[in-house]
2 protein chains.
Amino acid sequence: MKRKPLDRATIVGAGIVLADEQGLAGLTMRNVAGQLGFEVMSLYNHIANKNDLLAAMADQVAAGIETPPPDLVSLERVKAIALALRATLVRHPWAANLWLQHLPGPSRTAYMEALLQALDGCGLSPDATHLGFHAVDNHVIGYTLQEQGLTDGLASVDDPEALTRDFIASMDPEIFPATIAHVQQHLNGDNGDSFEAVLDIILDGLTGL
Amino acid sequence: MKRKPLDRATIVGAGIVLADEQGLAGLTMRNVAGQLGFEVMSLYNHIANKNDLLAAMADQVAAGIETPPPDLVSLERVKAIALALRATLVRHPWAANLWLQHLPGPSRTAYMEALLQALDGCGLSPDATHLGFHAVDNHVIGYTLQEQGLTDGLASVDDPEALTRDFIASMDPEIFPATIAHVQQHLNGDNGDSFEAVLDIILDGLTGL
DNA sequence: TAGTGATGCGTACGTTGTACGTATAGGCCA
DNA sequence: TGGCCTATACGTACAACGTACGCATCACTA
């Protein structure tokens with residue numbers, strides 16, 4: 001049985017699959033090679049080192065961000081891009097963290113361009129446009145990081161809800177009443193989609209500048 | 001010469017100093033022990049494992065968040081807490097990332113309580129209060145992460161500005177005009193304090209709910 | 001046909017976190 | 001006072017990691 005020869009794109013793809021399945025902790029060079037049916041050192045004919053692989057994975061993920069249809073314009077377009085980014089980052093929970101540590105590659109630059117051009121089409125002041133990029137980009141990435149951060153850190157907790165209850169139980173109601181109430185709200189799940197609500201606040205605020 | 005005996009707080013403190021100086025990459029158990037004049041395995045009499053140390057460091061940092069004076073109230077108080085959090089996270093650039101991966105300990109819970117109580121004093125609707133916490137908390141942490149993320153990832157680059165220029169030069173002006181313009185604005189430094197500007201947008205938006 | 005560069009891989013090394021066992025010293029009870 | 005117990009320090013050792021280095025194999029070109 002003849003294997004297909006290794007190449008960079010294949011390696012990056014395998015890395016993404018592996019990280020999706022096992023998180024970044026499971027992403028070892030030996031695992032990547034094993035998944036492809038090769039030995040570790042063969043990878044290094046196509047990538048410089050692990051950091052290079054991580055950067056490539058981070059960028060490749062950006063290629064999966066869906067572009068809204070061209071007839072969607074103005075702030076609705078900005079919002080659509082934000083939601084598309086969020087969907088992608090949720091699909092690859094390890095990616096947001098990597099975005100923090102690596103410069104954008106071509107795909108992520110294309111996402112930036114799309115968002116910036118969408119903002120340009122909103123008739124905002126130049127300052128508000130510049131600001132809007134960071135506000136939206138940061139909101140999406142930051143929110144997803146917080147939401148999924150525990151996924152990687154507290155990986156493989158079978159009952160996250162019990163953990164939340166324990167967290168509440170560990171607090172003195174005399175000292176932390178507001179925090180207990182806040183966390184309780186999360187348990188009840190009666191806070192709608194706060195991601196989108198804050199996004200709307202930001203978008204509204206931009207028009208006022 | 002008699003050493004002071006090890007204890008948990010000392011170890012956590014040394015970890016913080018070490019991470020401040022060398023980043024998380026330099027924070028090895030052997031380094032922490034060495035800095036204190038002990039051997040590695042002695043640390044394990046006081047901490048469970050490295051993850052335990054990281055969680056403790058993450059929480060300890062929160063103890064350094066300054067509380068605004070009691071006469072500062074309403075949204076000004078919220079803003080002051082946000083700025084205090086930001087100052088702390090900037091002082092310890094590795095901390096924000098750890099906050100994503102560890103549950104809050106007592107000190108960070110105290111920060112949460114302070115922010116939540118400040119929001120309670122703003123006369124907002126319960127929904128807006130809940131939302132406000134995440135909007136502010138997320139903005140501060142996310143913004144600092146993006147700003148400092150490269151600190152850890154691209155550690156020890158002697159000339160970050162040259163790197164930015166290279167980044168611009170690597171983009172095709174036909175394809176990425178808006179991105180080039182945006183990055184150029186950063187090089188010119190003519191974008192004021194976008195952190196605070198977005199924070200103000202968020203705070204304004206909360207009052208409208 | 002000889003040679004050249006790309007590709008796969010075996011071996012080996014340094015670094016990391018930490019399990020395990022042991023030595024020592026201080027406090028407490030007889 | 002003497003014996004013990006627990007807390008603390010640490011030496012040794014190991015598995016897992018990233019990766020440097022050198023060699024073998026193959027495809028292709030001159």
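Please read all numbers here as calculations on a predicted model, not as lab measurements. Lettering follows sequence order; numbering is per chain, from 1.
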#### Entry: side-chain hydrogen bond (donor to acceptor under 3.5 Å, both in side chains) between S42(A) and N45(A), worked out
CA-CA 6 Å; S42(A) 304; N45(A) 287 318; 5.2 Å; no

#### Entry: Rounded distance in Å - NZ (K50(A)) to C1' (dA20(D))
17 Å

### Query
Are any side-chain N or O atoms of E113(B) and backbone N or O atoms of A178(A), one a donor and one an acceptor, separated by less than 3.5 Å?
yes

### Query
For atom CD of E66(A), is the number of surrounding heavy atoms from other residues, nucleotides or ligands below 6.0 Å larger than 12?
no

#### Entry: Between dG22(D) (P) and Y44(A) (OH): distance, integer Å
17 Å

### Message
Tell me the interatomic distance from N51(A), atom CG, to dG18(D), atom P, rounded to whole angstroms.
### Response
12 Å

### Task
Figure out the CE/C1' separation between M29(A) and dA20(D), and round it to whole Å.
13 Å

### Message
Let me confirm one number: the CD-CD1 distance from Q60(A) to I16(A), rounded to the nearest 0.5 Å.
### Response
5.0 Å

#### Entry: Rounded distance (nearest 0.5 Å) linking atom CG of N49(B) with atom CG of L43(B)
11.5 Å

### Query
Name the stems that DNA chain D belongs to, where each is three or more consecutive Watson-Crick or G-U pairs with both distances under 3.5 Å?
C:1-30 with D:1-30

Are there any protein N/O atoms within less than 3.5 Å of an N/O atom in nucleotides 7-14 of chain C, and if so, which ones and at what distance?
from	atom 1	to	atom 2	distance (Å)
dG8(C)	OP1	L6(A)	N	2.9
dG8(C)	OP2	H46(A)	NE2	2.6
dG8(C)	O3'	R3(A)	NH2	3.3
dG8(C)	N7	N45(A)	ND2	2.7
dC9(C)	OP1	R3(A)	NH1	3.1
dC9(C)	OP1	R3(A)	NH2	3.1
dC9(C)	OP2	E39(A)	N	3.3
dC9(C)	OP2	S42(A)	OG	3.2

#### Entry: is_close_aromatic(H130(B), H182(A)), centroid dist under 6.0 Å
yes

### Query
If only atom types and distance count, is the side chain of R77(A) paired as donor or acceptor with the main-chain N or O of L119(A) below 3.5 Å?
no

### Query
Got a second to check how far I202(A)'s CD1 is from L131(A)'s CG, nearest 0.5 Å?
10.0 Å

### Query
Is L27(B) touching bases, backbone alone, or none of the nucleic acid, heavy atoms closer than 4.0 Å?
sugar-phosphate

